[in-house]
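Accompanying notes for the structure given below.
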Amino acid sequence: MIRNFEISTKITLTYAGCFIFLLLFIELIMYAGFWLALYRPAGKTIDFSMEQVKPWLDNIAQDVSAFDSNTFRQPLVTGVVVRVFDDNGILMADTDPNYLANEIFEDSKLDYQPFFADEDKEVALIVNALVYRAKMDYFFHGEHFTLYFYRTITSEVILLDKLKYLLMILDLFGIIFAVAVGHFMSRKVLKPIKIMTEHAQNIAYGKMDGRIEINPTDDELTELAKTFNNMLDRIQGGINQQQEFVIAASHELINPATAISTGIDFLKHYGFEDKESFNENVDIIFSEIQNIGDILQNMLFLFRTDQNCLLLDKENFDLSYVVEDVMKKMKRDAKAHNFELVKNDFVNIYGDKKRIRQMLRIFLDNAVKYTPDGGRITVTSKNNNGTVQLSIADNGIGIAPENINRIFDRFFRVKDKALEKIYGGGLGLSIAKWIADNHGIKIDVESALGEGTTFTLTIAEAPISFD
Ligand code: ADP
């Protein structure tokens, strides 16, 4: 049942429980120590007196008149009273006739032996005093005598009882105090958690501006608040990124969609009237549909990388073969440009062949797109003692210095009237960068407006394995 309690109740109960336990434990020890301190000296003085009386009686070796009350006091410890009776019940000696009468002791004897009392002694409670009595048999000149030793344990029983009740009332206040302090403490301790819960409840999608106040004290809750705030920052960052991605993606898809709808609109109105315009519009529609397909494919690729679910299938392979193959295809696809493979050293690398090919294709496609027809595109792959420098250079339009650092950002496209006609979704280089990063490949860019651009990839050679 306790398991289902609120944490604040659990803290209160635990705190109050510990406090009460400690209070009662201390009181119990004090109580026990107190009674022990009363019983023990009383018991000891009787024992000691008894031990002394016996040899003293043996020594005096006189007649019955030896039981003289005055001489009897000699072997006794102060506070101990002795009464001697013969077998007829006649009082032979009494060291203190004013002390409690024997009959009263008999009448007031406790039926039970108190916890701290010696087993060989009797205890009587008379008004407000506790009295001990020990019995001793003695044979004197063949006659049997009974000696009773008395000693007051305490004469303050009523006061002590009152003290007991006072302590109980104090305990009650202690319990109330412990519960109140426990409740206050638990509220104080849990306050930041409560605030965090409220914050978490108020967080709605895209409305995460609130943060928990960080206390100057550097305790565990501050750490929790910091972690919570950091988590919100990260979630908000992720949401912002997603929103930006969706906005940019929609933006990129609007252009081809508009071009398609304009083309279809034209076909609807003019149909086959002008064969040349008809063909031109069908071409536009076809290429824009292809563009949409490319954009969606690239978006899917990046989405998968973001979700960490794009797996690389790495193996050892010869990079020069891939470079040569990609170049062959480029020559076939982009006939308006001049391609030259200046150098293509054999080099064994470890990576995902399909993705390395995709990355090279992105750089080469860009070189074609951003280099006017008739331009030159050169590829050089040099193996320098285990480090390959693979460069893709064009003599195209180049990139302005202020844009060079941004070309790898998602959806970034240089804003230029002249570039509007060149198709692009702004995702190619982000994909190339992801592939490079996941293969430990470094990318350097050199570019000058109107002169051209060179991308240089630095790739580590992998040792050839023969298995
Ligand atoms: P896009 O689909 O627009 O080509 P990328 O991510 O591949 O997207 O490239 C981002 C931008 O970098 C391009 O829009 C272009 O402005 C610039 N860029 C990339 N490669 C070249 C290049 N070889 N020459 C000039 N500009 C380039």
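Start at 1 and go down the list; that is how both ligands and their atoms are numbered.
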Closest non-hydrogen atom pair between P463 and N316, with its separation: O-OD1, 4.1 Å

Flag side-chain contact, heavy atom, 4.5 Å: S261 against D265: no

Ligand 1 atoms in contact with G428 (distance to a heavy atom under 4.0 Å): 5 (P), 6 (O), 7 (O)

Contacting atoms of ligand 1, where contact means under 4.0 angstrom from a heavy atom of L427: 6 (O), 8 (O)

Nearest protein heavy atom with distance in Å, relative to atom 26 (N) of ligand 1: I399 CG1, 3.3 Å

Heavy-atom nearest neighbour in the protein, as seen from atom 11 (C) of ligand 1, with distance rounded to 0.1 Å: F412 O, 3.8 Å

Nearest protein heavy atom with distance in Å, relative to atom 23 (N) of ligand 1: D394 OD2, 3.0 Å

Any L312 side-chain heavy atom under 4.5 Å of H439 side chain: yes

Polar side-chain atom of D118 near backbone of D120 as donor-acceptor pair, under 3.5 Å: no

Throw together a table of side-chain donor-acceptor distances under 3.5 angstrom for residues 175-187, partners on residues two or more places apart or in other chains.
{"unit_1": "S186", "atom_1": "OG", "unit_2": "T12", "atom_2": "OG1", "d": "3.4"}
{"unit_1": "S186", "atom_1": "OG", "unit_2": "G182", "atom_2": "O", "d": "3.3"}
{"unit_1": "S186", "atom_1": "OG", "unit_2": "H183", "atom_2": "O", "d": "2.9"}

Under 3.5 Å: N/O of S430 near N/O of ligand 1: no

Nearest-neighbour protein heavy atom for atom 8 (O) of ligand 1, which is reported as residue plus atom name and distance: G426 CA, 3.1 Å

Parallel, tilted or perpendicular: ring planes of F116 versus Y39, cut at 30 and 60 degrees: tilted

Heteroatom distance test (L429, ligand 1): nitrogen or oxygen, under 3.5 angstrom: yes

Closest protein heavy atom (residue, atom, distance) for atom 4 (O) of ligand 1: Y370 OH, 2.7 Å

Whether W35 and Y31 hold their rings parallel, tilted or perpendicular, with breakpoints at 30° and 60°: perpendicular

Shortest protein contact, atom 16 (O) of ligand 1 (heavy atom only): V414 CG2, 3.0 Å

Using a 3.5 Å cut-off and no angle test, enumerate the donor-acceptor pairs between side-chain atoms of residues 369-381 and protein atoms at least two apart in sequence or in another chain.
{"unit_1": "K369", "atom_1": "NZ", "unit_2": "Y423", "atom_2": "O", "d": "3.1"}
{"unit_1": "Y370", "atom_1": "OH", "unit_2": "R413", "atom_2": "NH2", "d": "3.1"}
{"unit_1": "T371", "atom_1": "OG1", "unit_2": "A367", "atom_2": "O", "d": "2.5"}

Side-chain heavy-atom pair N291, N255 within 4.5 angstrom cut-off: no

Check: I397 N/O within less than 3.5 Å of ligand 1 N/O: no

Atom 12 (O) of ligand 1: the protein heavy-atom neighbour that sits closest, reported with distance to 0.1 Å: I407 CG2, 3.3 Å

Region of N403 engaging ligand 1 - heavy atom pairs below 4.0 Å: neither

Sub-4.0 Å atoms of ligand 1 with respect to non-hydrogen atoms of K369: 1 (P), 2 (O), 4 (O)

Shortest protein heavy-atom distance from atom 7 (O) of ligand 1, along with the residue and atom involved: N366 ND2, 2.9 Å

Cation-pi geometry met for K121 and Y132 (6.0 Å, 45°): yes

Under-4.0 Å heavy-atom contact with ligand 1, by part of T453 that carries it: side chain

